[in-house]
Amino acid sequence: MTKKNIKLILATLEDLYGGEQCGLDFKTPFELLIATILSAQCTDVRVNIVTNELFKTYDTPKAILSLGEAGLVGKIKTCGLANTKAKNIILTCEQLLTNFNGVVPATMEELITLPGVGRKTANVVLSNAFGVPAIAVDTHVFRVSKRIGLASGKTVLEVEKELMKNIPKEKWSMAHHWLIWHGRKCCTARNPNCVNCALLKRCNYGTQNF
DNA sequence: AACTCGGGGCA
DNA sequence: TGCCCAGAGTT
């Protein structure tokens with residue numbers, strides 16, 4: 001993959017998805033953290049609906065804890081995996097209070113100690129709440145990046161590193177969103193719409209499996 | 001690497 | 001009805 005090809009791919013993605021909504025509504029680091037935990041196996045549109053309502057009243061660790069587990073499950077049930085997520089969110093709120101003075105930490109090492117927070121969620125918080133350059137690799141980013149040749153790594157961490165190497169730092173944040181939109185609208189996991197894909201000429205997928 | 005958690009949205 | 005969803009934790 002040449003630098004010129006990478007530049008053309010990024011430009012094409014920007015043309016296609018530059019006007020689309022960019023992820024979760026951002027308010028505070030804490031709200032972004034909770035919203036991102038909720039986003040597992042659930043579209044961002046639904047997460048935004050749920051969190052906009054939830055955070056009207058419950059926008060701090062103490063407030064969330066005041067709901068109790070059953071109360072929290074009720075508030076987030078439309079996001080799916082509600083029981084698991086509620087347990088993790090409650091544990092995370094408790095640990096924020098006991099280990100971090102109620103403040104969301106700003107390093108990868110600290111963030112991934114929180115229950116329900118993995119590399120993807122940590123990178124979303126780091127890049128969107130704290131301005132730390134990072135690329136969050138979710139299922140869409142992972143799949144699309146490999147198909148179109150922006151990364152060929154086998155693990156999430158490998159793909160993350162390759163993307164950071166191949167994409168100019170100032171475009172990391174937006175490239176994350178463009179790759180997700182392309183994965184949702186065209187480069188789907190099953191039956192991708194290669195025939196109508198704007199990247200077809202620069203993509204090996206379809207003629208060469210990965 | 002494979003499996004589980006999971007209810008709601010949508011065709 | 002059946003398929004899919006901006007992941008993380010466990011085995």
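Within every chain, numbering begins at 1; the chains are lettered A, B, ... in the order of the sequence lines, protein sequences first and strands thereafter.
Rounded to whole angstrom, the span from the NE2 atom of His176(A) across to the C1' atom of dG7(C) amounts to 12 Å. At whole-Å resolution of the value, CZ in Arg119(A) and P in dG9(C) are 13 Å apart. Distance Asn128(A) CG to dA6(C) C1': 11 Å, rounded to the nearest Å. Counting to the nearest Å, the P atom of dA6(C) and the CG atom of Leu32(A) are 16 Å from each other. Taking atom CG on Asn88(A) and atom P on dA8(C), their separation rounds to 10 Å, with Å as the unit. In this structure, Ile49(A) places its CD1 atom 15 Å from C1' of dA6(C), rounding to the nearest Å.
Atom P of dA8(C) sits at a distance of 24 Å from the matching atom of dG9(B), rounded to the whole Å. Rounded to whole Å, the separation between the P atoms of dT11(C) and dG6(B) comes to 16 Å. Here the separation of dC5(B) from dC4(C), taken at their C1' atoms, is 15 Å to the nearest Å.
Among the heavy atoms of the strands lying under 4.0 Å from His177(A) is at least one base atom, whether or not backbone atoms are also near. Within the nucleic acid shown, Thr36(A) has no heavy atom closer than 4.0 Å to any nucleic acid atom. Nucleic acid contact class of Thr188(A) (heavy atoms, under 4.0 Å, all strands): none. Nucleic acid contact for Val47(A): none, since no nucleic acid atom lies under 4.0 Å from a heavy atom of the residue.
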Expected rows: protein N/O vs nucleotides 7-11 of chain B N/O, under 3.5 Å:
from: dG7(B); atom 1: N2; to: Arg46(A); atom 2: NH1; distance (Å): 3.3

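Note: Trp181(A) and Tyr17(A) have parallel aromatic rings, judged against thresholds of 30 and 60 degrees for the angle between ring planes.
OP1 or OP2 of dC3(C) has not a single side-chain nitrogen or oxygen of Arg190(A) nearer than 4.0 Å.
Partner of Ile89(A) under the side-chain contact (heavy atoms from CB on, under 4.5 Å) criterion, chosen from Leu65(A), Leu114(A), Ile37(A): Ile37(A).
Nearest to the side-chain atoms of Ala40(A) among the listed nucleotides dA6(C), dG6(B), dG7(C) stands dG7(C).
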